[in-house]
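The figures that follow rest on heavy atoms only: side chains count, while hydrogens, waters and symmetry mates do not. Nothing fancy with the numbering, it's 1 onward along the sequence.
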Amino acid sequence: MSDSSVLWILGLSFTPVGLVLGTVMYVHIRRTRRLVRSGARAQGVVSGLKPTQMSGPGPGSTLTVRTHGDMTAYRPIVTWTTAEGRAMETTWNIARTRERTMAVGTPVEVRYDPANPRRWTLPAESSGIWWLFAGMGALFALNGLGFLFGALFT
């Protein structure tokens, strides 16, 4: 296989993966920011923690991570009521270790879409993880374009 073929394969692999990852994450960030800016407000409370055991790709396998403790992450369950009086119990989409997650009973502000209350966010939570994934997507796309550019001139 020639060097040019390898560059084409890498370029045609990295570019679409990066574009899709970056675009999906950017759309998620924009939706979240829109909810924070103009979504309806509600006061909620962390009513529970949903444990999530980290596992590997196959059935019965575990993910090997060097850690000093439990491999369980927790997703806060947030209970709140819409302005129309609809009771909601939703689970936050980011899991963290017990020490880093919000404690049960913690009051939180919720922003939600009145037309679809299932679309909600916690404005106090950082969007840094989503920006990290968007940046990774951009990096993959740029690397892929670099491989394609290199394939054109070899």
Side-chain angles (χ1 to χ4, degrees), residues 1-42 44 46 48-78 80 88-103 106 108-154:
M1 188 180 283
S2 71
D3 289 343
S4 178
S5 297
V6 171
L7 290 174
W8 278 109
I9 291 169
L10 289 172
L12 293 173
S13 299
F14 275 67
T15 304
V17 168
L19 289 173
V20 169
L21 178 64
T23 302
V24 167
M25 291 299 108
Y26 184 72
V27 167
H28 177 78
I29 291 165
R30 297 260 319 180
R31 285 183 182 160
T32 301
R33 291 175 93 183
R34 190 176 310 122
L35 281 176
V36 169
R37 265 196 318 270
S38 60
R41 297 174 190 224
V46 176
L49 297 175
K50 182 177 182 180
T52 303
Q53 185 70 33
M54 296 174 69
S55 62
S61 65
T62 58
L63 186 64
T64 303
V65 177
R66 294 184 191 278
T67 183
H68 301 290
D70 192 9
M71 289 299 296
T72 304
Y74 298 89
R75 296 170 53 199
I77 300 169
V78 180
W80 51 284
M88 301 291 294
E89 184 176 275
T90 50
T91 304
W92 185 236
N93 55 5
I94 299 177
R96 296 188 176 136
T97 60
R98 185 176 293 278
E99 299 81 31
R100 295 193 58 214
T101 195
M102 294 178 273
T106 303
V108 292
E109 179 184 356
V110 175
R111 299 280 177 96
Y112 67 97
D113 181 354
N116 182 5
R118 292 202 175 280
R119 293 187 52 203
W120 65 284
T121 191
L122 299 174
E125 289 295 306
S126 172
S127 62
I129 187 92
W130 306 117
W131 279 111
L132 175 69
F133 283 114
M136 285 175 43
L139 186 62
F140 265 63
L142 286 173
N143 281 331
L145 292 173
F147 290 134
L148 291 174
F149 185 75
L152 288 174
F153 295 105
T154 57

(message) T52 vs T72, test: side-chain contact (heavy atoms from CB on, under 4.5 Å). Steps then yes/no.
(response) CA-CA 6 Å; T52 303; T72 304; 5.8 Å; no
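- The backbone N or O of L19 sits less than 3.5 Å from a side-chain atom of T23, completing a donor-acceptor pair.
- The two residues T121 and P123 come nearest to each other via the heavy atoms O-CD, 3.6 Å.
- What you find for P51 and L49 is that their closest heavy atoms are CD-O, 3.4 Å.
- Every ring-ring contact (aromatic ring centres under 6.0 Å, His included) that F149 has, sequence neighbours left out, goes to F153.
- Interatomic distance, M25 CE to W131 CH2, rounded to the nearest 0.5 Å: 12.0 Å.
- The closest donor-acceptor contact from the side chain of T91 to the backbone of I77 lies at 3.5 Å or more, if one exists at all.
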Side chains of residues 29-42: which donor-acceptor pairs under 3.5 Å do they make with residues two or more places apart or in other chains?
residue	atom	partner	partner atom	Å
T32	OG1	H28	O	2.9
S38	OG	R34	O	3.0

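- With no hydrogens or angles considered, a side-chain donor-acceptor pair links W80 and T90 at under 3.5 Å.
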(message) Applying side-chain contact (heavy atoms from CB on, under 4.5 Å) to T97 and T101, what does each step give before you reach the verdict?
(response) CA-CA 6 Å; T97 60; T101 195; over 6 Å; no
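- Inter-residue side-chain proximity for I94 and W130 is flagged as met; some heavy-atom pair is nearer than 4.5 Å.
- In this structure, the side-chain hydrogen bond (donor to acceptor under 3.5 Å, both in side chains) partners of S5, at least two apart in sequence or on a different chain, are S2.
- For S13, the side chain to side chain contact (heavy atoms under 4.5 Å, CB included) partners are I9, not counting sequence neighbours.
- If you take CG on N93 and CZ on R75, they are separated by 7.0 Å, rounding to the nearest 0.5 Å.
- A search for salt bridge (Lys or Arg N to Asp or Glu O under 4.0 Å) contacts involving R111 returns E109, not counting sequence neighbours.
- Shown here for S4 and A151, the closest heavy-atom pair between the two residues is OG-O, 3.7 Å.
- Between L7 and L148 there is no side-chain heavy-atom pair separated by less than 4.5 Å.
- We find the CE-OH distance between M102 and Y74 to be 15.5 Å, quoted to the nearest 0.5 Å.
- Judged by distance alone, with hydrogens and angles left aside, the side-chain atoms of T15 form no donor-acceptor pair with the main-chain N or O of L12 at under 3.5 Å.
- Residues V46 and P76 share a closest heavy-atom pair of CG1-CB, 4.1 Å.
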Do any side-chain atoms of residues 133-143 form donor-acceptor pairs under 3.5 angstrom with protein atoms, and if so which ones, sequence neighbours left out?
residue	atom	partner	partner atom	Å
N143	ND2	L139	O	3.4

